[in-house]
Amino acid sequence: MKPLMSAIDNLPPLREVIATHQLSAKKSLGQNFLLDLNLTAKIARQAGDLTECDVLEIGPGPGGLTRGLLSEGARRVLAIEKDARCLPALEQIAAAYPGQLQVINGDALEIDPLEHLTPPIRIAANLPYNVGTELLVRWLTPQQWPPFWQSLTLMFQREVAERIVAQPGSKAYGRLAILAQWRADAKIAVSLPPEAFTPPPKVSSAVVHLTALPEPRYPADAATLSRVVAAAFNQRRKMLRASLKGVAPNIEDHLAVAGIPPTERAEQVSLEAFCALARSLKPLE
Ligand code: SAM
């Protein structure tokens, strides 16, 4: 249960924090900050009930979303930030929420956060887009399923967000949609115009919320599904009998078993049908 009243943190407004600590945005680190605490609280609310959860936040920057997560009642936040200039601002937040915020200065792509977290765990982040996509793919492809996290609440470029939630028959439908929707429920939770950020990026953004399914939506061997989907979408304009020729010599037989016409193109094939094809290629024990 969320406490009735959020902590009265007495922290200064984020514009002041940025001025005090001279946090001029660095392009190389993809720094587009969210300074509106109503907005960061709204994003934090999309992450679900945080009161019983540890939250992993990647790229807290000056701490707008961090403050949202804590004011929305997160049990604990572990924040990994690459830019050491942000640490004093984050220490101020840690002082306002004693024992609830741990900050690690480092690269999220190189740090294993698990030794610092206690389940249940949710992940929330407003990250540079390239790092965000790489982490999303990692979080969706662990050795074991279910994964260590319950949900992911992540900011993406609008176009990437659309690729994550895309349905068959749309241009955005591809590997990312299949990867995400095979093992998670995915939805766009909040849309944001460039002006929501300081400085504003060139494109619109969206927060995607993914909830881990207890097991994959349809049975399939992960490596086989990934191989088939990669081959199919690498040549997305070709018919599957051509694009999947290299996957198996008798691919037309496997397509028939899966109920997919050999003349179909990848864009039209449902996740369920791709999983049936993967099972025909590699039956599950
Ligand atoms: N969360 C803050 C907000 O919403 O205002 C900052 C968002 S800004 C888009 C991205 C943040 O991620 C920056 O603070 C940047 O320094 C940090 N960052 C970039 N690459 C990172 C990485 N590999 N590991 C950890 N943090 C990273």
Side-chain angles (χ1 to χ4, degrees), residues 2 6-7 9 11-18 21 23 25-26 29-51 53-83 85-97 100-106 108 111 113 116-117 121-129 131-132 135-136 139 149-157 161 188-201 204-210:
K2 195 183 153 191
S6 297
D9 55 30
L11 289 163
L14 282 160
R15 275 190 201 286
E16 201 177 305
V17 171
I18 284 182
H21 300 289
L23 297 177
K26 278 194 189 167
L29 286 171
Q31 292 183 336
N32 302 100
F33 300 131
L34 291 168
L35 304 185
D36 176 348
L37 290 169
N38 289 319
L39 181 57
T40 60
K42 180 175 170 184
I43 295 169
R45 280 196 294 278
Q46 309 307 315
D49 184 355
L50 303 177
T51 51
C53 292
D54 276 12
V55 181
L56 171 61
E57 186 193 0
I58 311 285
L65 181 56
T66 320
R67 284 162 67 165
L69 294 165
L70 288 164
S71 70
E72 287 302 310
R75 177 177 71 189
R76 264 188 83 241
V77 175
L78 172 68
I80 302 178
E81 172 55 61
K82 197 169 174 180
D83 186 353
R85 296 180 311 155
C86 298
L87 299 184
L90 295 168
E91 272 155 25
Q92 255 188 316
I93 304 173
Y97 291 89
Q100 282 183 270
L101 173 61
Q102 181 185 353
V103 180
I104 298 180
N105 181 207
I111 289 170
H116 307 280
L117 292 163
I121 297 161
R122 294 185 187 271
I123 301 180
N126 171 21
L127 262 178
Y129 299 122
V131 183
L135 285 172
L136 172 68
W139 288 326
W149 50 269
Q150 278 191 345
S151 68
L152 308 173
T153 306
L154 307 172
M155 184 84 70
F156 287 102
Q157 241 168 293
I188 291 184
V190 186
S191 296
L192 292 103
E195 312 81 69
F197 301 84
T198 304
S204 296
S205 302
V207 175
V208 180
H209 182 69
L210 299 109

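Note that the numbering runs from 1 along the sequence shown for the chain. FYI, side chains are in, hydrogens and waters are out, and symmetry mates aren't considered; it's all heavy atoms of this structure.
Taking CG from L29 and CG from D83, the interatomic distance works out to 5.5 Å, rounded to the nearest 0.5 Å. Q150 contributes atom CD, which lies 9.5 Å from atom CG of D49 (distance to the nearest 0.5 angstrom). Once rounded to the nearest 0.5 Å, the distance linking CZ of R75 with CG of L50 reads 10.5 Å. Taking CG of L136 as the start and CG of L210 as the end, the distance is 6.0 Å to the nearest 0.5 Å. Separating the CG atom in L154 from the CD1 atom in I58 is a distance of 9.0 Å, to the nearest 0.5 Å. Rounded to the nearest 0.5 angstrom, E72 CD and Q46 CD are separated by 10.0 Å.
Between T40 and L14, every side-chain heavy-atom pair lies at or beyond the 4.5 Å cut-off. Taking 4.5 Å as the limit, every side-chain heavy atom of C53 sits out of range of all side-chain heavy atoms of I121. Put simply, the side chain of V77 reaches to within 4.5 Å of the side chain of L70, judged on heavy atoms. Side-chain contact between L11 and Q92 is present, with at least one heavy-atom pair separated by less than 4.5 Å. Annotation: side chain of M155 is not in contact with side chain of L65 (no heavy-atom distance under 4.5 Å). The shortest side-chain heavy-atom distance between W139 and I123 falls under the 4.5 Å cut-off. At least one side-chain heavy atom of R67 sits less than 4.5 Å from a side-chain heavy atom of I93. With a 4.5 Å cut-off on side-chain heavy atoms, S151 and H209 count as touching.
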Given side chain to side chain contact (heavy atoms under 4.5 Å, CB included), test K82 with K26 step by step and report yes or no. CA-CA 12 Å; K82 197 169 174 180; K26 278 194 189 167; over 6 Å; no
Is there a side chain to side chain contact (heavy atoms under 4.5 Å, CB included) between I18 and L35 once you walk through the steps? CA-CA 9 Å; I18 284 182; L35 304 185; 3.5 Å; yes
Mind running side chain to side chain contact (heavy atoms under 4.5 Å, CB included) on N126 and I43 for me, showing each step along the way? CA-CA 10 Å; N126 171 21; I43 295 169; over 6 Å; no
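Shown here for I111 and G106, the closest heavy-atom pair between the two residues is CD1-CA, 3.7 Å. Taking both residues in full, the closest heavy atoms of S204 and P194 are given as OG-CD, 3.8 Å, listed atom of the first, atom of the second, then distance. The nearest pair of heavy atoms linking G64 to L37 is O-CD2, 3.9 Å. Annotation for Y129 and S205: closest pair OH-OG, 2.7 Å, computed over non-hydrogen atoms. What you find for G61 and E81 is that their closest heavy atoms are N-OE1, 2.8 Å. Residues F156 and A161 share a closest heavy-atom pair of CB-N, 4.0 Å.
The only member of H116, Q100, Q102 that meets side chain to side chain donor-acceptor pair (under 3.5 Å) when paired with R76 is Q102. Each of L101, L78, L69, L117 was scored for a side chain to side chain contact (heavy atoms under 4.5 Å, CB included) with V55, with one residue passing: L69.
In terms of modelled atom types and a separation under 3.5 Å, the side chain of N32 and the main chain of P199 share a donor-acceptor contact.
Atom CZ of R15 is surrounded by 12 or fewer heavy atoms from other residues, nucleotides or ligands within 6.0 Å.
Side-chain contact of T66 with E57: a donor-acceptor pair under 3.5 Å is present, judged by distance alone.
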